[in-house]
K.L.:
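This is the structure I have questions about; it appears just below.
Quantities reported herein were computed from a predicted structural model and do not represent experimental measurements.
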Amino acid sequence: MKRNPESVLNVLGKTQYLDDLPENAGMLHAAVVLSPSAHGRFSGLDTAAALAMDSSVRVVVAADIPGQNELGTAVFDEPLLAAGEWHYHGQVLALVLASSRSLARKAAARVAVQGAEQLPAVTDPREAAARGNIILSPRTQRSGDVDTAFLACDVVVSGRVESGGQEHVYLETQGAIAWPDDSGGVRLLSGTQSPSGVQKIVARVLGLPMNLVEVETRRLGGAFGGKEDQATGWAALAALGAVVSGRPVKINLNRRDDMVATGKRHPYSSDFRIGLKKDGTILAFEADFYQNSGAATDLSPAIIPRTLFHAAGAYHIPNVRVTGTMCRTNLIPFTAFRGFGGPQGFFVIESAIDAAARALGIEPADIQRRNLLSDGDEFHYGMVAEDPRAKETMERCLAKADWNKLRADIRDFNAAHAGLKRGAAATPVCFGISFTKIMMNQGGALVHIYNDGSVGVSTGAVEMGQGVGRKIALVVADALGIPDSKVKIETTRTVTVANTMPTAASTGTDINAMAAKIACDQLRARLDALAKDRPGLDFVQLVALAHEQRVDLSAHAFYATPGLHYDLATEKGKPFHYHVYGCAVVTATLDVLRGTYQFDDAFIVHDIAHSIDPVIDRGQVEGAFAQGLGWAALEELAFGADGRLLANTLSTYKLPDAHFMPRMDVEFLERPNPGTVANSKAVGEPPLMYGIAGYFAVLDALKAVHPDKPAFYDLPMTPEKALRFLSEEDSP
Amino acid sequence: MKITLTVNGDRYERECAEHHTLLRFIRETLGLTGTKEGCGMGECGACTVIMNGRAVNSCMVLAAEADGAVIQTIEGEAKGPTLSDIQASFERNHAVQCGFCTPGMVMSVKELLASDPHPSVDAIKEAVEGNFCRCTGYTQIVEAVTELTGTGAKGGLDHV
């Protein structure tokens, strides 16, 4: 039977993550000194106690940086090492090197901040916006004429929605190893989704050209967006340490430092106004999204447009006006996390529909079904929906859940039980695929056929558990007409494929497998030309002949997603190659006395198009749903009023465990998606939004207790909020 | 101090510091890096090994406490290149994504099956409830076990 070689390594425990590789003699270990509060000034660092511990101890500060002390992708507004002022709790003030990991950590603990002066900290995004602390300019997307449309509505409902941040909790914490190179540069092994991104920043920090910085990524023990931009700083620190000390340097964060010092999903605070006809047709929608961007720009300018693009959910709304504002606060710079702003947008429109349903005296599902996208509908950003699968997936999902019977059963159950109430909700999803920044939709591949017929494939894709390597191997095997066991996927290296984009935005397979396929098609054409005169040769014989006849057995290819365009001035265009659709129904049971709840069932119909590997894709759907359900109804990223992260360990930040997850019944809608590799659709992010149904399932059960009490839209749902709703006069 | 213990059938006599954890001893002194550190605080289960027949978080056990113990890590699970039944089922059912939680997860399942060869779905969930997996959503993990033991329906979890 076919085996996935990466999975075999994993079950054997032989997979080598960054910290599993043998250490070089003389390697130094790094630890970091983090800022003690959300905002402050300091005059310097007292390093005497740390340096006195051992002769190997060295403290590296901002002044030691030979190049530019800046991190960022578009806007370079985050120092690698704070100089004079810190802007959030957990900002790196100094790097401490020592001969062992424990010594480095102990020495870092003995570095004292001198002349510290606390400064006022702003943690609320609306307060930041009111003070004018915003990043770049707000963006507004609009269609139709919202103001006129609202006048024609039978009912107009407005409200406020909060959604909390989310910690990635990739099981392998952030890390990097840097070796000084005799070229005068550095070689790096980095736990990053973006080796070229690391290369670029390390070169800037060290004042080197990019060709003297070589970055390799082997694999990641989970990432979920948390190692897209946020892995760069740790790699740059290791590189800086290697250059300053002349020794190899390894940095591998412990869990608490990782939770305190790395970015997470953005919290949002939003206002909405929705207008409908009596029959539930949505005529107008507007929303203002206040994104809590944290203390630096990071990826926020790429994330806010994805919120706006997804502000109308899976619906066609003719009149839309949505504005997103990036609010600079004194919290950790928030960053990419699976969904990338999309989930925050979805939660607002679904909250608006829930509120409108109450005003109209109908069920939310009635409004959802009436307004789903149809073929030819224009999105508010100008793109036209082609072969939309919103209605198909939602109707199939409702049928799968036996929706009408489910609603009746729940009504009966709730009438018969005082202490327990059940609830159910559906969430339809429509998610655009492509990086929202058009230039990023490019990728390369380098395919070698060795003269024994085995094949090595390099691309820009980083394997992090999502199975991109496996999918590329299957595509390559198919394109070359060989067994997949002959294909090896190489580690991701800046010297084999240059100028790559992060493996992100669900596009890893779309872009990299397509580039690999183009390279394979070139190779196959060369071999086929030879085979014309020599019929009957198998692949290995053909390859040997090609080598003999001096035919190139290597090919590099490039793929740029076609047809994308976007006009920032009008906020119109075609930002996505296509959309992924789907729907989830989630049911929950609420304990009315305690406010606790459990999720019983999840029915999911997901638009997979053609699956390159169904078992991987099912894992992606279920895993994304689990993260979405965690975000929506479990994981509370609690900050203190002073801006310090309270949920800084896995005992104070609750993750989904085996008991938390409901029964899952996942069905694929299989209809090819022309114009993509193997007619497939990307799968990484869209299913995360299914978790939103979990919030509304609990809310549905809560409404069964207090049907007249206004609902609250403050994600995540938690037992604490549920209990307050159940027991207090005011909602949370 | 010197400790003596048996790991995956091999007897080791090694020096270790009094404050070193069993996890650190296994990874750094013995060089068996299949056992992972996910949190170092006994909360995630990535470092699970079997000590004297019980699954333990090796980050919460001092190496000194393991003096005289019989320990199994993930490296002792396969027989040469042949996957154990648990490993083969994990691979077949794609109970593995990034793989970082997998060694600990396999150890927890091994402890369960040693005492209960036909566990209910609830018993399987209980056995792995101390092992966080951030990738899978757990269904494929539970199915890897039920397929092996014949105790659950394929394609969805029997609810408790």
K.L.:
Under 4.5 Å from any heavy atom of chain B, what part of A/D601 do you find: side chain, backbone, both or neither?
P.N.:
neither
K.L.:
Is there a side-chain contact (heavy atoms from CB on, under 4.5 Å) between A/D657 and B/F132? Walk through the geometry before answering.
P.N.:
CA-CA 6 Å; A/D657 62 15; B/F132 283 132; 4.1 Å; yes
K.L.:
How many angstroms lie between SG in B/C101 and CD in A/E172, if you round to the nearest 0.5 Å?
P.N.:
12.5 Å
K.L.:
Give a yes or no answer on whether the side chain of B/Q140 reaches the backbone of A/V615 with a donor-acceptor pair at less than 3.5 Å.
P.N.:
yes
K.L.:
Going from OG1 on B/T139 to CZ on A/R618, what distance comes out if it is rounded to the nearest 0.5 angstrom?
P.N.:
6.5 Å
K.L.:
Under 4.5 Å, counting heavy-atom pairs only, tell me which of A/H168, A/M259, A/E463 racks up the most with chain B.
P.N.:
A/H168
K.L.:
In Å, rounded to the nearest 0.5 Å, how long is the span from SG of B/C39 to CG of A/L171?
P.N.:
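Here the rounded value is 9.0 Å.
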K.L.:
Which atoms of B/Q87 come close to chain A, meaning under 4.5 Å heavy atom to heavy atom: side chain ones, backbone ones, both, or neither?
P.N.:
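For B/Q87, the contact with chain A is made by backbone and side chain together.
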K.L.:
A/R255 side chain to B/M41 main-chain N or O, any donor-acceptor pair under 3.5 Å?
P.N.:
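No; zero donor-acceptor contacts below 3.5 Å.
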K.L.:
Counting heavy-atom pairs under 4.5 Å with chain A, which one of B/L32, B/V96, B/I124, B/T73 comes out on top?
P.N.:
B/V96
K.L.:
Output the option from B/G34, B/G31, B/G38 having the highest count of non-hydrogen pairs under 4.5 Å with chain A.
P.N.:
B/G38
K.L.:
Search all heavy atoms of B/Q97 against all heavy atoms of A/Q620 and return the closest pair with its distance.
P.N.:
OE1-NE2, 3.2 Å
K.L.:
Apply side-chain contact (heavy atoms from CB on, under 4.5 Å) to A/L12 and B/I74, showing your working.
P.N.:
CA-CA 7 Å; A/L12 286 168; B/I74 190 68; over 6 Å; no
K.L.:
Closest heavy-atom contact between A/Y17 and B/F100?
P.N.:
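Closest heavy-atom pair between A/Y17 and B/F100: OH-N, 3.2 Å.
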K.L.:
Is it true that, when you exclude A/R256 itself, more than 12 heavy atoms of the residues, nucleotides or ligands shown sit nearer than 6.0 Å to its CZ?
P.N.:
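Counting neighbours around CZ of A/R256, 12 or fewer heavy atoms of other residues, nucleotides or ligands fall under 6.0 Å, so no.
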K.L.:
Which heavy atom of B/C98 sits nearest to which heavy atom of A/G221, and what is that distance?
P.N.:
SG-C, 3.4 Å
K.L.:
How many angstroms lie between atom CG of B/N93 and atom OG of A/S7, to the nearest 0.5 angstrom?
P.N.:
11.0 Å
K.L.:
Name the region of A/F660, side chain, backbone, both or neither, that has any atom closer than 4.5 Å to a heavy atom of chain B.
P.N.:
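For A/F660, there is no contact with chain B at all, as no heavy atom is under 4.5 Å.
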K.L.:
Donor-acceptor pair, A/Q627 side chain versus B/R134 backbone, under 3.5 Å?
P.N.:
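A pair under 3.5 Å: yes.
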K.L.:
Between A/L220 and chain B, which part of the residue has a heavy atom less than 4.5 Å away: side chain, backbone, both or neither?
P.N.:
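For A/L220, the contact with chain B is made by the backbone alone.
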K.L.:
So for A/T649, is it side chain, backbone, both, or neither that comes closer than 4.5 Å to the heavy atoms of chain B?
P.N.:
both
K.L.:
Hey, does B/T33 have a side-chain heavy atom less than 4.5 Å from the side chain of A/Q16?
P.N.:
no
K.L.:
Can a salt bridge be assigned to the pair A/D20 and B/R27 using a cut-off of 4.0 Å between side-chain N and carboxylate O?
P.N.:
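Salt bridge flag = yes for B/R27 with A/D20.
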K.L.:
With a 3.5 Å distance limit and no angle check, can you tell me whether A/R3 reaches the backbone of B/E91 through a side-chain donor-acceptor pair?
P.N.:
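No.
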K.L.:
List the atom of B/C44, the atom of A/L650, and the distance in Å for their closest heavy-atom pair.
P.N.:
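Answer, listing the atom of B/C44 first, then A/L650: CB-CD1, 3.8 Å.
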K.L.:
Look at atom NE2 of B/H19 and say whether more than 12 heavy atoms of other residues, nucleotides or ligands are closer to it than 6.0 Å.
P.N.:
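Counting other residues, nucleotides and ligands, NE2 of B/H19 exceeds 12 neighbours.
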K.L.:
Quick check against the 3.5 Å criterion: does B/E75 have a side-chain atom that pairs as donor or acceptor with the backbone of A/G13?
P.N.:
no
K.L.:
On a heavy-atom basis, which atom in B/R24 and which in A/S102 lie closest, and how many Å separate them?
P.N.:
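Looking at all heavy atoms of both residues, the closest pair is NH2-OG, 3.7 Å.
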K.L.:
For B/G137 versus A/A626, what's the shortest heavy-atom pair and its separation?
P.N.:
CA-CB, 3.6 Å
K.L.:
Side chain from CB out, backbone as N, CA, C, O: work out which of these in A/S651 comes under 4.5 Å of a heavy atom of chain B, or both, or neither.
P.N.:
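Both parts, heavy atoms under 4.5 Å.
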K.L.:
Around atom NZ of A/K14, are there more than 12 heavy atoms from other residues, nucleotides or ligands closer than 6.0 Å?
P.N.:
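Counting neighbours around NZ of A/K14, 12 or fewer heavy atoms of other residues, nucleotides or ligands fall under 6.0 Å, so no.
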K.L.:
So which of B/E77, B/E43, B/K36, B/E129 has the biggest tally of heavy-atom pairs under 4.5 Å with chain A?
P.N.:
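Max contact count across the listed options: B/E43.
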K.L.:
Just by modelled atom types, is the A/H659 backbone N or O under 3.5 Å from a matching donor or acceptor in the B/Y138 side chain?
P.N.:
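Not at all, since once roles are kept as given, no pair shorter than 3.5 Å links the two residues.
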K.L.:
Out of B/T35, B/V128, B/T102, return the one with the most heavy atom pairs under 4.5 angstrom to chain A.
P.N.:
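Going by pairs under 4.5 Å, I would pick B/T102.
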